[in-house]
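Report on the structure given below.
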Amino acid sequence: MQTMAMWRRWLAAMGMVGVVCLTGVAWGEPPLRGMTVTCFRWGPGEWDGPTMWPTLDRLAELGVNAVATHPYARIRSDGEVSHRPAVQDASSLLPMRLAAKRGQAYLLKPHLAYWGSRFSWRGEITFDREEDWARFFAGYRDFIVHHARLAEAGGAAWFAVGTELEGTTHRPEWAAILDEVRAVYSGRVTYAANWDTLDRVPFWGRLDAVGVQFYYPLTDAADPTDEQLRRAVEARLDEAVAFAKAQGKPLMLTELGYAPHDTAASRPWDDAGDETEAGFVLSRRCLDAALAAVMARDGSEVVGVFLWKWFPTPREFRDEFALQYPEAIEVIAGRWAVSAE
């Protein structure tokens, strides 16, 4: 494992120490064309590994001009939140600086890893006892403010203060967290809410964009036409944009993806079950409809979209939401590479 000192020497040799990228999107410009680069474990050795540089090159070829990563903290059933700065920090700083070298905007979007806890997803994180709430917010504050400092050091244009934590957003502790994030980070701040709980986030007014995990169901039709998919995506996007406008903010699609299943249009968030050939075809068609709808907007309505997801390290990519298969790549390049010219 590389130490932080070794990485600093390497960054200095590459001329990257002190490089910052405050690239974002000005209201009225086309939306950011973003990709979330994910990992198989915790990030170290992947986001800061030797394949990250060619990964960003490949994404740039597809028209991607913004990148997101999602550093992890572990949450336990009693609310304890723990992370490993000495091990993980390089895996956030290095990709931010690599993206800066290419002029790509960056969204640092920390996640809570709930695996092994009593929670089946982040939306279930909530507590009955005040001591558990206190334990949770003490740990989460340390984690999120630490990464806000990293986002500032790496020059990230955007920072997400939370992802799918609507079981916690009613708590007053969020006010202090937002104050501390703003105190250490000068870029733009959002929060990534699940698609069906936007109205459970009381602090949109304090952020720079309404962030949504855009997994809206589109249609229950077994074999929808392209026109049905187009109309469904546009209706859902209209709904989310209207909500954001009511808050006085633009919208950011902090995640967008379609699992390669027969239910890709009816349950796009659901990656359970086996992938099917028909599912890959349907997910590609959903993706094409969604990108067309998003790119028809401008930054005053939709500041950007981050596709979920792309791996920087080798594996069998016909898996989960991974977009590294020819049909999805063709859609992305067709919608975005032309826009990048």
Side-chain angles (χ1 to χ4, degrees), residues 1 4 39 41-44 47 68-93 96 106-154 156 158-194 197-211 213 254-255:
M1 182 64 64
M4 282 296 291
C39 63
R41 294 175 295 276
W42 286 83
W47 288 321
T69 53
H70 49 95
Y72 283 115
R74 172 75 69 187
I75 183 168
R76 301 189 183 279
S77 296
D78 65 358
E80 180 186 352
V81 174
S82 60
H83 64 118
R84 301 175 292 178
V87 176
Q88 292 177 276
D89 281 6
S91 67
S92 290
L93 283 169
M96 284 190 279
Y106 210 94
L107 166 64
L108 192 63
K109 182 171 172 273
H111 282 190
L112 289 181
Y114 52 86
W115 310 287
S117 73
R118 62 183 173 87
F119 310 112
S120 65
W121 72 295
R122 295 177 192 91
E124 285 187 356
I125 296 172
T126 192
F127 307 97
D128 295 324
R129 303 188 308 170
E130 282 301 312
E131 54 263 45
D132 294 339
W133 280 116
R135 185 181 301 110
F136 168 74
F137 276 109
Y140 189 74
R141 174 218 163 266
D142 287 346
F143 169 60
I144 209 69
V145 174
H146 177 83
H147 281 85
R149 290 192 179 97
L150 289 182
E152 180 73 11
W158 286 89
F159 181 73
V161 296
T163 299
E164 301 171 344
L165 298 177
E166 286 81 87
T168 75
T169 50
H170 64 286
R171 296 285 301 193
E173 289 91 340
W174 275 100
I177 288 175
L178 292 170
D179 287 343
E180 291 192 57
V181 165
R182 290 291 195 185
V184 300
Y185 174 66
S186 60
R188 294 170 176 165
V189 180
T190 189
Y191 170 90
N194 201 47
T197 53
L198 289 175
D199 59 353
R200 289 173 55 186
V201 181
F203 46 78
W204 290 124
R206 300 191 58 185
L207 305 180
D208 297 298
V210 169
Q213 308 282 83
T254 47
E255 282 184 24

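Residues forming a side-chain hydrogen bond (donor to acceptor under 3.5 Å, both in side chains) with Q88 (at least two apart in sequence, or on another chain): none. Scanning for salt bridge (charged side-chain N to carboxylate O under 4.0 Å, His left out) contacts around R200 gives an empty result, with sequence neighbours left out. Every residue meeting the salt bridge (charged side-chain N to carboxylate O under 4.0 Å, His left out) condition with E164, not counting sequence neighbours, appears here in chain and number order: R122. A68 meets the side-chain contact (heavy atoms from CB on, under 4.5 Å) test with T36, L107, F306; sequence neighbours excluded. In this view, Y140 and F136, W174 satisfy the ring pair (Phe, Tyr, Trp, His ring centres under 6.0 Å) rule, not counting sequence neighbours.
Between the Y114 side chain and the G123 main chain, no donor and acceptor come within less than 3.5 Å of each other.
In summary, of the residues considered (L178, V145, T190), a side-chain contact (heavy atoms from CB on, under 4.5 Å) with V161 occurs for L178 alone. A side chain to side chain donor-acceptor pair (under 3.5 Å) with K109 is found for one member of H147, H70, E255 and no other, namely E255. Here the rule is side chain to side chain donor-acceptor pair (under 3.5 Å) with E166, and of N194, T126, T197 only T197 fits it.
Residue E124 holds its CD atom at 8.0 Å from CZ of F119, rounded to the nearest 0.5 Å.
A side-chain N or O of T69 and one of Y106 form a donor-acceptor pair less than 3.5 Å apart.
Looking at D179 and R206, a side-chain N of the basic residue comes within less than 4.0 Å of a carboxylate O on the acidic one, giving a salt bridge. Salt bridge E130/R135: absent, no basic N to carboxylate O contact under 4.0 Å.
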Show your working on salt bridge (Lys or Arg N to Asp or Glu O under 4.0 Å) between R182 and D208 and close with a plain yes or no. CA-CA 11 Å; R182 290 291 195 185; D208 297 298; 3.0 Å; yes
Dump the intermediate steps for side chain to side chain contact (heavy atoms under 4.5 Å, CB included) on W158 and L108, then the final yes or no. CA-CA 6 Å; W158 286 89; L108 192 63; over 6 Å; no
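Side chains of P110 and F143 form a contact here, defined as non-hydrogen atoms less than 4.5 Å apart. Side-chain contact between Y72 and L112 is absent, with no heavy atoms from C-beta onward closer than 4.5 Å. Counting heavy atoms from C-beta outward, E152 and V184 have side chains that stay 4.5 Å or more apart. For the pair T163/Y191, no side-chain contact is recorded, criterion being any heavy-atom separation below 4.5 Å from C-beta on. Using a 4.5 Å heavy-atom threshold, the side chains of H146 and L150 count as touching.
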Return all side-chain donor-acceptor pairs below 3.5 angstrom for residues 73-85, not counting sequence neighbours, or 'none' if the list is empty.
residue, atom, partner, partner atom, Å
R74, NH1, W115, O, 2.5
S77, OG, R118, N, 2.9
D78, OD1, E80, N, 3.0

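Closest approach of P44 to V87, counting heavy atoms only: CG-O, 3.6 Å. Looking at every heavy atom in both residues, V201 comes nearest to A193 through CG2-CB, 4.1 Å. Here the shortest heavy-atom pairing between W47 and S91 reads CB-O, 3.2 Å. For F203 against L207, the heavy-atom pair with the smallest separation is O-CG, 3.6 Å. Of all non-hydrogen atoms in F159 and A151, the two that sit nearest each other are CD1-CB, 3.8 Å.
Ring geometry, W133 versus H170: the interplanar angle exceeds 60°, so the pair is classed perpendicular (tilted spans 30 to 60°).
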